[in-house]
Amino acid sequence: MSQGMKSKAISILLIEDNPRDVALFREILGEVNNVNFELTHCNMLSSALALLSKESFGIILLDLSLPDGKGLDTVVRTHAAVPNVPIVVMSGLGDEELAVRALHEGAQDYLVKGQVDGNLLIRAMRYAIERKKAEDALQKAHDKLELHVKERTEDLVEANRQLLLEIEERKKAEESLREALN
């Protein structure tokens with residue numbers, strides 16, 4: 001665990017099956033002095049998903065190549081399990097198309113293993129967390145607005161129904177008045 005200036009610890013779930021990469025990420029995080037973090041590691045997607053059903057994390061670092069999950073499937077399954085937790089995808093591939101597709105599937109960022117230092121990793125995690133918060137706030141506002149529009153539409157439909165009834169009553173009254181005058 002890294003200790004430094006007093007800031008809330010970032011709880012990280014690292015889902016990575018390569019022991020060398022796990023050691024590398026621990027080393028990279030160990031270089032960072034100004035951020036507290038708690039690192040939990042799973043080497044299988046299934047064990048990570050089981051853990052995620054019981055514990056909450058601030059961010060997930062997700063390898064795209066696991067024994068029980070490959071490529072975008074790992075992102076889709078992880079995002080479906082915990083849609084409110086930011087995911088930073090990690091891959092040994094510098095595949096931009098895969099990166100874009102991972103972002104479309106719910107990842108907040110994409111890092112290429114071997115091109116990451118402590119500052120980049122911390123910045124990517126912080127930005128991912130902030131983007132996720134903003135995305136969630138936007139979704140809440142959208143849902144609230146949608147509900148308001150739905151309620152308002154229902155009110156207007158009811159007002160329209162009342163007006164149609166009133167028009168019908170007035171037509172009948174007009175008809176009765178005309179008959180009485182004739």
Side-chain angles (χ1 to χ4, degrees), residues 1-140:
M1 303 291 153
S2 173
Q3 299 298 326
M5 289 169 36
K6 288 186 180 175
S7 65
K8 190 170 176 264
I10 299 173
S11 60
I12 305 165
L13 177 58
L14 174 62
I15 309 172
E16 170 63 70
D17 65 319
N18 184 325
R20 281 195 312 263
D21 288 337
V22 173
L24 179 66
F25 275 98
R26 286 189 190 278
E27 186 181 314
I28 288 170
L29 287 167
E31 295 169 4
V32 180
N33 305 330
N34 60 342
V35 178
N36 295 325
F37 62 88
E38 297 160 7
L39 183 67
T40 303
H41 168 245
C42 289
N43 60 6
M44 301 273 281
L45 184 60
S46 53
S47 58
L49 294 176
L51 183 62
L52 286 165
S53 71
K54 295 178 284 206
E55 286 186 44
S56 63
F57 291 88
I59 191 159
I60 297 168
L61 298 178
L62 177 63
D63 182 21
L64 285 183
S65 181
L66 297 164
D68 58 346
K70 293 275 184 264
L72 290 178
D73 180 56
T74 61
V75 179
V76 171
R77 289 168 60 195
T78 306
H79 183 65
V82 284
N84 297 329
V85 180
I87 299 168
V88 173
V89 166
M90 301 176 311
S91 179
L93 310 168
D95 184 341
E96 287 301 311
E97 186 183 326
L98 186 61
V100 170
R101 290 181 23 225
L103 296 174
H104 282 281
E105 294 299 338
Q108 290 294 325
D109 207 342
Y110 183 93
L111 298 175
V112 179
K113 293 178 192 176
Q115 297 179 7
V116 180
D117 65 11
N119 291 329
L120 176 65
L121 181 59
I122 293 298
R123 189 169 67 234
M125 288 191 302
R126 280 194 166 145
Y127 286 1
I129 290 167
E130 289 308 311
R131 270 193 305 275
K132 190 65 183 166
K133 283 181 190 171
E135 189 179 280
D136 290 349
L138 193 59
Q139 186 62 51
K140 264 189 195 136

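The model shown is predicted, which means the values in this text are computed figures rather than measured ones.
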What heavy-atom pair brings [X] and [Y] nearest, and what distance separates the two atoms?
{"X": "Ala81", "Y": "Leu49", "result": "CB-CD2, 3.7 Å"}
{"X": "Phe37", "Y": "Gly30", "result": "CZ-N, 4.3 Å"}
{"X": "Val88", "Y": "Ala124", "result": "CG2-O, 4.3 Å"}
{"X": "Ala107", "Y": "Val89", "result": "CB-CG2, 3.5 Å"}
{"X": "Leu45", "Y": "Gly69", "result": "CD2-CA, 4.5 Å"}
{"X": "Leu121", "Y": "Leu111", "result": "CD1-CD1, 3.7 Å"}

TODO: Step by step, work out the side chain to side chain contact (heavy atoms under 4.5 Å, CB included) result for Asp109 and Tyr127.
DONE: CA-CA 9 Å; Asp109 207 342; Tyr127 286 1; 5.6 Å; no
Open item on the list: Quick one, Leu72 with His104, criterion side chain to side chain contact (heavy atoms under 4.5 Å, CB included). Give me CA distance, side-chain angles, the key distance, then yes/no.
Closed with: CA-CA 10 Å; Leu72 290 178; His104 282 281; over 6 Å; no
TODO: Applying side chain to side chain contact (heavy atoms under 4.5 Å, CB included), run through Leu29 and Ile122 and close with a yes or a no.
DONE: CA-CA 8 Å; Leu29 287 167; Ile122 293 298; 3.9 Å; yes
Donor-acceptor contacts, no H, no angles, side chain residues 50-64, under 3.5 Å, sequence neighbours left out:
unit_1 : atom_1 : unit_2 : atom_2 : d
Ser53  : OG     : Ala50  : O      : 2.6
Asp63  : OD1    : Ser65  : N      : 3.3
Asp63  : OD1    : Lys113 : NZ     : 3.0

Open item on the list: Between the side chains of Arg101 and Glu105, is the shortest nitrogen-to-carboxylate-oxygen separation below 4.0 Å, so that they form an ion pair?
Closed with: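 No, this pair does not count.
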Table please: side-chain donor-acceptor pairs of residues 73-80 below 3.5 Å, with sequence neighbours left out.
unit_1 : atom_1 : unit_2 : atom_2 : d
Asp73  : OD2    : Arg77  : NH1    : 3.3
Thr74  : OG1    : Gly71  : O      : 2.7
Arg77  : NH1    : Asp68  : O      : 3.0
Thr78  : OG1    : Thr74  : O      : 2.7

- [ ] Drop me the distance from Ile15's CD1 to Met44's CE, to the nearest 0.5 angstrom.
- [x]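 The distance works out to 12.0 Å.
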TODO: Sequence neighbours left out, what passes side chain to side chain donor-acceptor pair (under 3.5 Å) with Glu135? Give chain and number order.
DONE: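 If we apply the side chain to side chain donor-acceptor pair (under 3.5 Å) test to Glu135, skipping adjacent residues, the hits are Gln108, Lys132.
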TODO: Assess whether side chain to side chain contact (heavy atoms under 4.5 Å, CB included) is satisfied between Phe25 and Met90, documenting all intermediate values.
DONE: CA-CA 11 Å; Phe25 275 98; Met90 301 176 311; 3.0 Å; yes
